[in-house]
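Convention: sequence-line order gives letters A, B, ...; per-chain numbering from 1. Since the model is a prediction, treat every value here as computed from it, not as a measurement.
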Number of protein chains: 2
Amino acid sequence: MRKRRETKKTGRRAGSARPERSPAQGEDYEAVFRDFLQEKGLKLTRERKVILEEVFRHDDHFDIDEFYLKIKQKGLKVSRASIYRTLPLLLECGLVDEVKTTERQAFYEHIHGRRHHDHLVCLSCGKVIEFYSPAIERLQEEICRRRRFKSLRHVLEIQGHCKDCASA
Amino acid sequence: MRKRRETKKTGRRAGSARPERSPAQGEDYEAVFRDFLQEKGLKLTRERKVILEEVFRHDDHFDIDEFYLKIKQKGLKVSRASIYRTLPLLLECGLVDEVKTTERQAFYEHIHGRRHHDHLVCLSCGKVIEFYSPAIERLQEEICRRRRFKSLRHVLEIQGHCKDCASA
DNA sequence: ATTGCTATTGAGACTTAATCTCAATTTCAT
DNA sequence: ATGAAATTGAGATTAAGTCTCAATAGCAAT
Ligand SMILES: [Zn+2]
Ligand SMILES: [Zn+2]
Ligand SMILES: [Zn+2]
Ligand SMILES: [Zn+2]
């Protein structure tokens with residue numbers, strides 16, 4: 001068993017800032033995944049189904065190790081390697097969002113009709129607060145346009161102390 | 001000898017976007033460092049001097065491994081451990097800026113009168129282009145204020161393809 | 001300059017997230 | 001049902017970063 005790094009995990013729920021879901025997008029992520037796989041000549045295996053289900057059962061951010069443990073505790077059998085191999089696929093087909101943090105480990109969140117958003121991360125309690133600023137997004141586009149830089153993605157993470165930890 | 005990871009290093013010079021130096025700030029970074037160390041009861045060793053000099057000889061971003069190799073090639077003798085121990089000190093006293101990237105390795109850049117800035121990173125050629133947007137900075141402050149989040153630092157990295165690579 | 005208390009160093013061991021290996025197994029189009 | 005090709009998983013490997021600890025160096029006080 002891999003030793004888990006010790007990290008503050010308290011209160012790792014997103015704050016009130018989460019953009020609400022758009023119910024417009026269908027629930028059938030399995031169909032999306034299946035089609036994606038088929039198109040690439042890949043196979044929808046039992047393991048991939050388990051991972052997909054589990055990803056969509058999660059309603060907040062998670063890191064891979066946490067995710068692996070959760071699957072294991074449920075008695076489902078999927079290897080760490082398969083998880084590491086499947087998440088990039090889910091990323092590629094747009095069902096999952098990867099947020100590379102300034103910490104070593106990236107975290108993930110299923111998309112399921114969520115909008116893009118960025119993050120405030122509390123250095124004391126580990127809380128992740130989502131925010132979305134159309135103005136900032138627009139300015140980024142502007143910056144890229146001016147430099148003829150073709151933007152594919154971005155990471156904006158603000159680190160500091162949340163209001164609970166700052167007052168303590 | 002530690003095996004280097006293979007990464008695209010071509011054209012890793014910053015683009016034209018670098019904010020110009022402010023000549024107002026004195027050149028005497030060694031004095032700054034010495035005072036800082038003294039205040040903390042730490043010592044200005046030969047190794048620390050070498051590292052400091054070398055950091056300020058670099059005029060763009062660098063990662064630790066690259067940095068270590070460069071020092072070694074010059075025949076200067078400083079261990080990897082010392083570099084890993086010294087850079088956080090330089091960070092702490094504000095002489096160096098650490099930019100955690102979405103890649104595994106962070107990169108560094110000496111400050112020396114530079115303003116804060118963020119980065120465009122080209123995924124094809126590895127080029128790092130700096131930019132600074134007062135408007136974005138202001139919006140970030142605004143977001144934090146609204147959430148009573150005390151911001152300490154932030155990372156904004158936009159990934160994509162630079163104009164040279166996009167046209168190719 | 002000498003002394004002595006600490007901070008520091010460096011070689012190499014260790015940690016750990018992530019990737020790779022490869023034989024055994026599973027998927028799925030035919 | 002069949003077989004080519006993709007996939008799996010246990011464990012090895014990689015590599016950035018951290019830690020250990022005996023030997024050494026800085027420096028303040030004498
Ligand atoms: Zn954004
Ligand atoms: Zn907090
Ligand atoms: Zn900024
Ligand atoms: Zn490029």
Side-chain angles (χ1 to χ4, degrees), chain A residues 1-7 9 30 33-52 54 61-69 71-72 75-92 98-108, chain B residues 1-7 9 30 33-52 54 62-69 71-72 75-93 98-108:
Chain A
M1 161 73 99
R2 185 171 288 217
K3 200 184 290 176
R4 301 218 57 204
R5 77 189 184 301
E6 35 173 321
T7 311
K9 287 280 176 185
E30 187 169 321
F33 195 33
R34 194 202 320 279
D35 292 352
F36 168 78
L37 291 174
Q38 183 141 45
E39 189 138 339
K40 301 200 74 167
L42 304 178
K43 294 165 181 173
L44 183 57
T45 62
R46 188 189 62 81
E47 288 80 3
R48 284 178 180 160
K49 278 186 215 157
V50 167
I51 292 169
L52 180 65
E54 213 48 45
H61 312 85
F62 61 93
D63 63 52
I64 291 194
D65 213 56
E66 186 184 333
F67 186 68
Y68 170 71
L69 255 30
I71 283 185
K72 208 174 168 192
L76 303 168
K77 281 180 299 306
V78 176
S79 72
R80 217 180 280 271
S82 288
I83 294 174
Y84 272 106
R85 283 184 292 228
T86 300
L87 276 171
L89 293 175
L90 291 173
L91 259 185
E92 200 183 333
E98 179 192 40
V99 183
K100 294 274 199 160
T101 67
T102 54
E103 300 301 311
R104 291 267 284 269
Q105 247 182 341
F107 61 75
Y108 297 83
Chain B
M1 162 72 97
R2 187 169 290 217
K3 199 184 291 175
R4 300 219 58 201
R5 78 190 183 301
E6 35 175 320
T7 311
K9 286 282 178 184
E30 187 169 322
F33 195 34
R34 194 202 321 281
D35 292 352
F36 168 79
L37 291 174
Q38 183 141 47
E39 189 138 335
K40 302 199 73 166
L42 304 179
K43 294 165 182 175
L44 182 56
T45 62
R46 188 189 63 80
E47 289 79 3
R48 284 177 180 161
K49 277 184 214 159
V50 167
I51 292 168
L52 180 66
E54 213 50 42
F62 60 93
D63 64 50
I64 291 193
D65 213 56
E66 185 186 333
F67 186 68
Y68 170 70
L69 254 32
I71 283 185
K72 208 174 168 193
L76 303 168
K77 282 180 299 304
V78 176
S79 72
R80 217 179 280 269
S82 288
I83 293 174
Y84 273 106
R85 283 184 292 229
T86 300
L87 276 172
L89 294 174
L90 291 173
L91 259 185
E92 200 183 334
C93 71
E98 179 191 39
V99 183
K100 294 274 200 162
T101 69
T102 55
E103 300 301 310
R104 291 266 282 269
Q105 247 182 343
F107 61 74
Y108 297 84

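Nucleotide dT8(C) holds its P atom 15 Å from the CG atom of Leu52(B), rounded to whole Å. Counting to the nearest Å, the P atom of dA15(D) and the CD1 atom of Ile64(B) are 17 Å from each other. For the pair Arg80(A) CZ and dT7(D) P, the interatomic distance rounds to 21 Å; values are reported in whole Å. Rounded to whole Å, atom P of dT16(C) lies 14 Å from atom CG of Asp63(A). Rounded to whole Å, the distance from NZ on Lys49(B) to C1' on dC27(D) is 12 Å. To the nearest angstrom, C1' of dA15(D) lies 15 Å from OH of Tyr68(B). Atom pair Glu39(A):CD and dA6(D):C1' shows a separation of 17 Å (rounding to whole Å applied). One can place CD of Glu98(B) at 15 Å from P of dA16(D), the figure rounded to the nearest angstrom.
Residues Leu52(A) and Leu44(A) form no side-chain contact, since every pair of their non-hydrogen atoms from C-beta on lies 4.5 Å or further apart. In this structure the side chain of Val50(B) never reaches within 4.5 angstrom of the side chain of Lys77(B), judged on heavy atoms. Side-chain contact between Thr86(A) and Phe33(A): present, with at least one pair of heavy atoms (C-beta onward) separated by less than 4.5 Å. Contact annotation: the side chain of Glu92(A) approaches that of Leu89(A) to within less than 4.5 Å [non-hydrogen atoms, C-beta and beyond].
Checked by atom type and distance alone, the side chain of Arg48(A) pairs as donor or acceptor with a backbone atom of Lys43(A) at under 3.5 Å.
We find the CG-CD1 distance between Leu90(B) and Ile83(B) to be 11.0 Å, quoted to the nearest 0.5 Å. Within the model, atoms CD1 of Ile64(A) and CZ of Arg80(A) stand 9.5 Å from one another, a figure rounded to the nearest 0.5 Å.
A residue-by-residue look at Lys77(A) and Tyr84(B) shows that Lys77(A) has its nearest nucleotide of DNA chain D further toward the 5' end.
Not one side-chain nitrogen or oxygen of Ser79(B) sits closer than 4.0 Å to the OP1 or OP2 atom of dT9(C).
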- Encode nucleotides 23-30 of chain C as B, S and - characters from 5' to 3', where the letter depends on protein heavy atoms closer than 4.0 Å: B to the base, S only to sugar-phosphate, - to neither. ----BSS-
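Arg85(A) contributes a side-chain N or O that forms a donor-acceptor pair with the base of dG9(D) under 3.5 Å.
When distances are taken from the side chain of Ala81(A) to each of dA10(D), dG10(C), dT7(D), the shortest belongs to dA10(D).
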